[in-house]
Amino acid sequence: DYIYSAGTALRAAVRGVPVKALSFDFYKVFHSLMARPEIKSAGDLKGKKVAVGSFGATGDLAARVSLRAIGLDPVKDVTILALGADAIRYAALQSGVVQAANMPLPWNVRMKREGYNELFYAGKIFHQPLTGLTTTAEKIEKNPDQVRRTLRAFARSSRALKEEKKEFLAFVEKKFSLAPDVAEEAYGYLIDALSQNGIVDDALLQTMLDDERKLAGVSKPISASEVVDYRFLREALAGMKGRR
């Protein structure tokens, strides 16, 4: 009924799939370019291999942004390999098959404690509305009450992340087997990237849509207003005012 990967849904919308983004929670990517202990700088990484999950995915884009940020050309200066899941990329780093890899939260935090070097955190400059709740136009038309209740729960969860830090940390430590210090640092990344109200700037969204349209070879213009529907989110936010 719903998907959480708003970025994937928006890419589909550019191609004509009738989906709508209902709310965005994070507007920065949680990816770091992590390198083996002996790779301490861009110079050390030049001519080496870098692992990503799959070509064209968010992690791949984040890796290329990070490489450019540290002064490397992702096409000429390194060899990028698509190796799949996080655990596989981590194993490739451990074994020396690759010298750097794009790693998401909380892998990047854990790995820093193991001696790996964070060459660049893509979230510093790579801002895109990639996560949030999305559904189909048909779902909105045929079951608006379910959409309304789902958005209310989503908005409450986002508020809890900001206001109930202690409870959130206890939950993620247990759920994902995180050490307290790792959970604490990961929380900082999350709060830094959290949207204030689930609504992202139209200009930011339009830039993403235009970029995706070019990549897909779609000539027909598409506006931000065509792929988002904030009505239910605004209802949920209005209902939460002054309530705990």
Side-chain angles (χ1 to χ4, degrees), residues 2-11 13 19-32 58-59 61-62 65-66 69 104-106 108-109 120-135 140 144 146-173 175-176 178 182-212 222-244:
Y2 305 87
I3 63 171
Y4 178 62
S5 180
T8 300
L10 292 175
R11 292 184 186 108
V19 294
K20 296 279 189 178
L22 304 170
S23 176
F24 300 96
D25 50 4
F26 300 107
Y27 67 97
K28 298 180 182 180
V29 298
F30 299 119
H31 294 264
S32 292
T58 300
L61 299 177
V65 165
S66 296
L105 196 69
N108 55 342
V109 177
F120 193 77
Y121 173 55
K124 290 180 179 179
I125 57 175
F126 189 12
H127 299 172
Q128 283 193 354
L130 297 172
T131 58
L133 207 61
T134 308
T135 192
I140 293 172
Q146 183 191 83
V147 176
R148 186 172 290 109
R149 288 183 282 115
T150 302
L151 259 294
R152 188 160 57 239
F154 194 78
R156 287 174 176 171
S157 296
S158 294
R159 186 171 75 173
L161 174 61
K162 289 183 286 188
E163 299 181 357
E164 300 174 27
K165 178 180 177 180
K166 181 180 178 181
E167 292 81 357
F168 173 78
L169 291 177
F171 168 76
V172 295
E173 286 170 23
K175 177 72 174 179
F176 301 105
L178 297 181
V182 172
E184 179 81 28
E185 186 172 347
Y187 180 80
Y189 281 90
L190 294 174
I191 292 299
D192 175 64
L194 186 65
S195 168
Q196 291 301 307
N197 58 7
I199 297 172
V200 299
D201 183 73
D202 280 349
L204 180 64
L205 185 57
Q206 190 63 56
T207 297
M208 178 181 176
L209 292 171
D210 291 342
D211 289 344
E212 290 297 334
I222 183 168
S223 67
S225 61
E226 294 177 68
V227 298
V228 296
D229 188 340
Y230 290 135
R231 290 176 296 160
F232 303 97
L233 174 63
R234 289 191 171 104
E235 283 184 25
L237 294 174
M240 289 167 54
K241 284 184 178 179
R243 297 171 62 182
R244 290 291 298 172

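Because only heavy atoms are used, hydrogens play no part in the values below, and waters and symmetry mates are left out as well, while side chains stay in.
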Query raised in the report: Under the 3.5 angstrom rule, does the side chain of K28 hit a backbone N or O of L190 as a donor-acceptor pair?
Result: no
Report task. Please check if the side chain of K162 supplies one atom and the backbone of Q196 the other of a donor-acceptor pair under 3.5 Å. Result -> yes
Between [X] and [Y], is any pair of side-chain heavy atoms under 4.5 Å apart?
| X | Y | value |
| --- | --- | --- |
| I125 | F120 | yes |
| L233 | L133 | no |
| L151 | E235 | no |
| I140 | R231 | yes |
| P144 | F232 | yes |
| V19 | L10 | no |

Requested in this report: Could you give me the CA-CA distance, side-chain angles and deciding distance for V228 and I199, then say whether side-chain contact (heavy atoms from CB on, under 4.5 Å) is met?
Outcome: CA-CA 10 Å; V228 296; I199 297 172; over 6 Å; no
Query - Criterion side-chain contact (heavy atoms from CB on, under 4.5 Å) on F154 and D25, from CA distance to verdict - result: CA-CA 9 Å; F154 194 78; D25 50 4; 3.8 Å; yes
Requested in this report: Flag yes if more than 12 heavy atoms outside D202 fall under 6.0 Å of its CG atom; otherwise flag no.
Outcome: no
Query raised in the report: Does a side chain donor of either Y27 or D201 reach within less than 3.5 Å of an acceptor in the other side chain?
Result: no
Shortest non-hydrogen contact between [X] and [Y], atoms and distance:
| X | Y | result |
| --- | --- | --- |
| S223 | Q206 | CA-OE1, 3.4 Å |
| A186 | L105 | O-CD2, 3.7 Å |
| K20 | T134 | O-CG2, 3.0 Å |
| H127 | L204 | O-CD1, 3.3 Å |
| Y2 | Q146 | OH-OE1, 3.0 Å |
| F30 | A193 | CE2-CB, 3.5 Å |

Requested in this report: Give the intermediate values and the outcome of side-chain contact (heavy atoms from CB on, under 4.5 Å) for residues V172 and Y187.
Outcome: CA-CA 10 Å; V172 295; Y187 180 80; over 6 Å; no
Query raised in the report: So E173 and E184, side-chain contact (heavy atoms from CB on, under 4.5 Å) or not? Walk me through it.
Result: CA-CA 9 Å; E173 286 170 23; E184 179 81 28; over 6 Å; no
